[in-house]
Each structure stands twice: as structure tokens, then as C-alpha cells.
Student: 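Just passing along the structure, written as C-alpha cells.
In the text below, chain A, chain B and the rest are named by the order of the sequence lines, each starting its count at 1.
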Protein chains: 2
Amino acid sequence: MLSERQLEVVLAVVYDYIQTGEPVGSRTLSKKYLTGRSAATIRNEMSDLEELGYLVQPHTSAGRIPTSRAYRLYVDTILQRRRAPHPEAERWISDLREQRRDVEGALAYISQLLTRVTQYVSVATLAPFQEIRLLRVDFLRMDSTHALAIVVVEGGLVHHKMIAFPCEIRQEELETLSRRINAVMVRRTWNEARNDLLQYVMSELREKEGNCRAAISEMDGLLSAQPFRFYRGGAHHLLAMPDFKDLGRLHAVFSLLEEESALVELVDNCTLNGTLTVTIGEENPEERMHDCSVVLATANAGGRKAILGLIGPVRMNYESSIAVLETVLEGLREDDGSEEEQRHVH
Amino acid sequence: MLSERQLEVVLAVVYDYIQTGEPVGSRTLSKKYLTGRSAATIRNEMSDLEELGYLVQPHTSAGRIPTSRAYRLYVDTILQRRRAPHPEAERWISDLREQRRDVEGALAYISQLLTRVTQYVSVATLAPFQEIRLLRVDFLRMDSTHALAIVVVEGGLVHHKMIAFPCEIRQEELETLSRRINAVMVRRTWNEARNDLLQYVMSELREKEGNCRAAISEMDGLLSAQPFRFYRGGAHHLLAMPDFKDLGRLHAVFSLLEEESALVELVDNCTLNGTLTVTIGEENPEERMHDCSVVLATANAGGRKAILGLIGPVRMNYESSIAVLETVLEGLREDDGSEEEQRHVH
DNA sequence: GCTAGCACTCATTGGCGACGAGTGCCAATT
DNA sequence: AATTGGCACTCGTCGCCAATGAGTGCTAGC
């Protein structure tokens, strides 16, 4: 357990290092943060803290740099205390409320807002689709052997897929198919629909029509795809950061940001625990993220459950990042129950 | 006009510089490419070529580097002569034909293929939507005041938008609306539909129902949006290239790649002229692209008209980039008229 | 337990010279 | 007149060295 003063030292080191990016020495601490104590005293503390795994020095005659453990301490104290709202919070919130967009448009807008304000990388997507419910399924007949399957899910999101039937299909058949599928799929979650219901429908319909079987196996394809795209923004900001002067590290991060499947894992791992999670450097299971921190928030507004996130260097400004995310959450939350929200739900 | 030998020198410089990335000197040329002539002779030619604007030297006592003008010459000779197909061309073409995907899936697949093979940045999207025709419009009634508008365009692409009506709307009204809109919009291009027809419908319907007016103005919103997303890939490859060791240049390129509107302009400017266009460095009107070259191809297969592109450093391997793009075009062209193609068109 | 002092470490910086690749020019050659 | 060999010159790069200075660890004294 850390003493009161050790804690002070660790937090001061993190705070100063986040601002300057330079290793911080005992002198600086003594002058700027712990004016009561002399540099020598702080040197001793720092030496202890290094053994405890909170600080490291890049080389002998340099100041100390915080480890992820130190950042963790710092972030936890931030998360505990009440944060002052961002000065422009009011404006964003009203901006967000004015925007009358569909879900995709809203996510794109939010992603842009986040990256513009913070200068970090932003991601926005819909929450794990496993929990999102289907509202209805329609079939539009295109020609004698094709129909467009349209799946509407909670939050007004729509997915579609062109379905080819092995032989001709009439309008009435399509309507029957639609009624049956709706009867079993409506209000089920995406995953339920895929895992259980399609099996059930398939076995029930097996003997009847080859047409339906083919259609259903194509529907399965529709449901198995990652249904929601990621809205990313601001990746280029990383290039301007001194933390990423090393191209190798940049390469790792960028290759991950371009891999949709890696992003899915990123948000999957981080959102199980709560509403706002911070993953710092090596805490992230994905090695390519070891030089980055990820702040994720889940916006739970009515039918749509979104994940918003900011990705920056480990040395990122957690305080403002968290504040900005919370402000956006606030702006979305106020939508709840309002006219905008009810619009697409039932 | 350049002499025969001057031409040889320019092409040799470009060829060697593309391979090595180092300024190339008279000695190298004399030994590797123009074995008949001595270094001194070539020095004189190079000096002339520098005055003519084909070569520059980064500093005295360094070799020469080609200018965009020299690259242009080089690329034009490549485009004129017949190119050998890529050794793996067969496999890609059959891969492409085996893929039974919808248009979006196909674009994503092609984008990945391009970047995997070339290690450059790839883009794929649908051609200027101004020319793409609407096939039909449907309305699905969601609740008493909402309907989902579904627009199917050539190539099986689907767009949708949730439409809110100012007051309640019945199923029959929707069907009437749908019939009317279809009557005037079907087989029109995206732009025609937006500019002329909606105006017409609006004025005709003005006196009848406020409901319809509201719906149509929302439809306008649907048609005014950039309808097709860009599939990008491989941006991180740029980080590994020695040409981009300067972070400032990288920053410019990346910020452009993240701006959808900039990408739209990029492909707009380049595809007016023909089937396969190469834009080299400063030839590009967009300043941020001055360190990159862009190879664009338009795939004109049946109902779907796609734009495929590769973006690399000015020093990119044009020969293989062009060959790869042409191979992919080949793979798509063979689809034409086949079962896959007819699938979504009418 | 705290602090002042001191010796020590080590990354950074700037100056200096050697090196070498490449050029420009000129005189000699074909 | 075109080509070529020779030669002086330029200039970026590399390695070396000494000076600098920030920061530490340790110890003795308060």
C-alpha cells in the first residue's frame, strides 16, 4: 500500500508527464507540485516507487516516466472525483439534440465531433449486436427469382440482402414466408434469431418448399455478417504526436485501426464491465495497442445502444477525454423518451 | 522534343529510381542501362534534361531524381505497350468469379485483394452516382406516422431512410404515394430523380396532402446524400515506405484519405477521361496528394459501374499496379452477361 | 525522517576531419 | 562535332571527441 506522499508523487509524475512528454525529475516535482519537500526527499520516494513498479527511468541520468500501473492509479482517481463539465458542453449537447438524423448519421456525426474536439482517434458503433432485437422482416419481390430481404432492427437500423431463389416464386408465397418468419423472429435478438429460430424454421419447413430453405440459408448469411459498421475518425492526428515519432509503433496501431475484426474485439473486451472504461497501454490484450489507451463509453438511449470511444497515446489527456465522452453521453441521454427517440422504435 | 537518347536516359532514371529510391548518377546509368556510352556523355545529357525540367538533383554532388514530367513520360510508355499479365492473374480472376457477393461485399473484397497484392492503398466505390438509375422505390409502413423508404438502384444496391409524416398515414395512402413516385422516378438517374422529378411531383401534389410533401422533402434528403461508401484499405502500408519517412507528408495524405469528400473529388477528377488513368504527384489538383500517385480504373460491368484505385508514393511501381488493376477489371468483365450479373439488374 | 552536498552517469550537442559519391568542365581523342 | 578521360570541387554522411547539463544515488549532518 502506498503512503499518502507516495501517492502524491505518482500522481504528480503522471500529471506532469502527460503535459510535457518529458521524463520528470525530482527537482521539478519539488518545485512545482510538492513544494514542502526537497528534491532529495522526493528522490528517495521515487526510488522506492520504481521498485514498486510505478515509475521507470529510460536511462540512468534521466527523470522518471510513469508505468501503466501509475496511469491506472491516476485514471482511477479521476474517475472517482466529480469532473467539471467541458466549457463547451452546453453547445454540443444542444447540437446533438438539434440533429435530426438516422442512427448511422448520428454515429458519423458523433465520431467527427469527438475527434474534432479531442484530436484523438474516435470510434463509434452500435453495441454488441447479440443483444439488439429484430423488429420485422419484409420481402420485396424484385423479379421472378429474386427478392430483397429487409430486416429492421431496434433503433431504426435497417439491413438488407438480395435473395436468389432456386425456382420461381410468386408474390403470395413471399407473403406467406414473410408472415412465418416474422412470427418467430420478431422481438428476438440478433443472435437468438440466428442460432435458434432459423434452425427451427428450417426444420419445420424442410418438407415443404426448397425455395424457402434456400431463402433461409441466405438469411442466415445476412445475420452472420457483422451488421454495423464502425465509424472511425481522426487517425491522422496520431501522426502529429511526439509519442509516435517511432514509425514502427504507428504501423502497429494503424494496421489495427484498419482491421474491422480487431476493432470489434477492442470494444468487446472493454465494455463488459461498465458504462465508462479506460484501458491503458499494456492492459490491452491486443499487443498492437500497447502504446495506446482506449476510453470507451456505452450510450444506452432507448432502442439504440451505441459504443463511443477515444483512442490516444498512453500519455493522452484522460481528464478531458473522459469529460468529452460524458458530455456526449449526456447529450444522447436527454434524447431519451423525446420525439426523436420514439421515432423508429416500435 | 527529346532525342532518342535523352528519352532513354529519362526512362532509365525513372526505372532505376523506382527500384532503389536513391538518386541515380551518371555512372550507374552508364553501367546498368546505357552500356554503350560513357558516364561523361550521360552527364551532359542529364545536365540538359535538368534544364528541360525532367530531372532534379536534391543537392550538388548527388545523383538525379525524376520530376513528375519524367514519370509522366515513363507511365505513358507503359500504357502504350502491351503489358504481360500478372503471374497470379488466373487465380484472382477465378476467385473473383467464384465470389457470389452483393455489390458492397464485392467492393470490400476487391479493395482487400488490391491492397494485399500491391501493398499500396486501395479504394473502391461505385461510379459517379449521377449516372446510376433508380429501379424502384418502396415504402414499408412502420407505425402510424413512420414509413421506411427503400430505394433500389441498378446493380442491386439498396438505400433506405426512415420517413416521418406530420400526421397519420394509412397503408392505402402509402401505396398510392409509392405508385406515383415510381411512375415518375423509375429508370431515371439519381441526379435526374433529384433535380427534376421531385420538383415535379412536389408541385403536382402541392394542393393534395401535406403528408406527401413532407415525405418528398425527406426523400430529397435521401437522394442528396453521398449514397455509396468508399471501401479503403492498406493505408498503413504507407508507414513502411521510405518515401514517407517525413511525418509531415504522411499527415497530409492520411488526413485526405479520411475525408470522404476529398476522396469523391479525387475519383471525380480522374475518371472523366477514360478507363484507366494515372495521376502523378503534382498533377493532382489536391495539394495533399502531391507526394502520391493515383491509378484509377473504372469497371463497367453491366448495371454496376465501379471505380477501383490504387494510391502509392510517386515512386510507386506503376507497371505492376496497372497490371493488377487490369487483371481485376478482367475478372469483373467476364462476369458480364453471366448469371451473376443479371441477378440484380431488372 | 529530512536535507544539503558531492561525485557519478549518460544522453545530447556541436565541432572537426575523413570519406566518397557525384558533378562540371576542359582538353584530348575519334 | 560528338565523345571521352581526367581532375578539381562540392557537399552530405559518418565517426570521433569533448563539453554540457540534467538527474541520480549516496552519505553525512541536522
Student: OP1 or OP2 of C:dA11 sitting under 4.0 Å from any side-chain N/O of A:Q57?
Tutor: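 It does not, given that no N or O in the side chain of A:Q57 lies less than 4.0 Å from OP1 or OP2 of C:dA11.
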
Student: For B:K31 and D:dG5, what is the distance between atoms NZ and P respectively, to the nearest whole Å?
Tutor: 12 Å

Student: Could you state the atom-to-atom distance from CD of B:E22 to C1' of C:dA21 in whole Å?
Tutor: 11 Å

Student: Select from B:P58 and B:S38 the residue whose nearest nucleotide in DNA chain D is closer to the 5' end of that strand.
Tutor: B:S38

Student: Let me know the distance between CZ of A:R27 and P of C:dC6, rounded to the nearest Å.
Tutor: 14 Å

Student: Return the value, rounded to whole Å, for the distance between atom CD1 of B:I42 and atom P of C:dC25.
Tutor: 18 Å

Student: Could you tell me how the ring of A:Y74 sits relative to the ring of A:Y15: parallel (under 30°), tilted (30 to 60°) or perpendicular (over 60°)?
Tutor: tilted

Student: Distance check: side-chain N/O of A:T60 vs OP1/OP2 of C:dC10, anything under 4.0 Å?
Tutor: yes

Student: For the residue pair B:H251 and A:H236, does the interplanar ring angle fall in the parallel (under 30°), tilted (30 to 60°) or perpendicular (over 60°) class?
Tutor: perpendicular

Student: Nearest whole angstrom, please: distance from the P of D:dG12 to the NE2 of B:H59.
Tutor: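 Spelled out: NE2 on B:H59 to P on D:dG12 is 5 Å.
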
Student: Nearest-Å distance, CG (B:L55) to P (C:dG22)?
Tutor: 14 Å

Student: Within the structure provided, determine whether A:L308 and A:L329 are in side-chain contact (heavy-atom separation under 4.5 Å).
Tutor: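 Yes, at least one pair of side-chain atoms sits under 4.5 Å.
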
Student: Need to verify one output field. Residue with the more 5' nearest nucleotide on DNA chain C, B:A40 or A:A40?
Tutor: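 The answer here is A:A40.
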
Student: Can you measure A:E50 atom CD to D:dC26 atom P for me and round it to whole angstrom units?
Tutor: 12 Å

Student: More 5' along DNA chain D: B:A39 or A:V24, using each one's nearest nucleotide?
Tutor: B:A39

Student: Determine whether a donor-acceptor pair (one donor, one acceptor, N or O, separation below 3.5 Å) exists between the side chain of A:R43 and the base of D:dG25.
Tutor: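 In this structure, the two groups form a donor-acceptor pair.
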
Student: The test is salt bridge (Lys or Arg N to Asp or Glu O under 4.0 Å); show your working for B:E8 and B:R37 and say whether it passes.
Tutor: CA-CA 12 Å; B:E8 268 185 87; B:R37 311 283 89 170; over 6 Å; no

Student: Rounded to the nearest Å, what distance is computed from the CD atom of residue B:E45 to the P atom of nucleotide C:dG22?
Tutor: 19 Å

Student: Will you find, in the side chains of B:Y318 and B:S293, an N or O donor that is under 3.5 Å from an N or O acceptor?
Tutor: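 Yes, B:S293 and B:Y318 have a side-chain donor paired with an acceptor closer than 3.5 Å.
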
Student: Under 4.0 Å between a side-chain N/O of B:R5 and OP1 or OP2 of D:dT3, yes or no?
Tutor: yes

Student: Please tell me which of the listed nucleotides, C:dT23, C:dT3, D:dT4, lies nearest to the side chain of B:M46?
Tutor: C:dT23

Student: Checking all strands, does B:A62 fall into the base, sugar-phosphate, or nothing category for heavy-atom contacts under 4.0 angstrom?
Tutor: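 Here B:A62 touches the backbone only, sparing every base.
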
Student: Picking from C:dT3, C:dG24, D:dG25, which would you name as closest to the side chain of A:N44?
Tutor: C:dT3

Student: Considering every strand and a 4.0 Å limit on heavy-atom distances, what is the contact class for A:R37: base, sugar-phosphate, or nothing?
Tutor: sugar-phosphate

Student: Scan side-chain atoms only and decide if A:S68 and A:E282 contain a donor-acceptor pair under the 3.5 Å cut-off.
Tutor: yes

Student: Between B:R64 and C:dT23, does any side-chain N or O lie under 4.0 Å from OP1 or OP2?
Tutor: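 Yes.
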
Student: With respect to the side chain of A:T41, which nucleotide from D:dT24, C:dT3, D:dT10 is positioned closest?
Tutor: C:dT3

Student: Check this one for me: any side-chain N or O of B:S61 less than 4.0 Å away from OP1 or OP2 of C:dG20?
Tutor: no

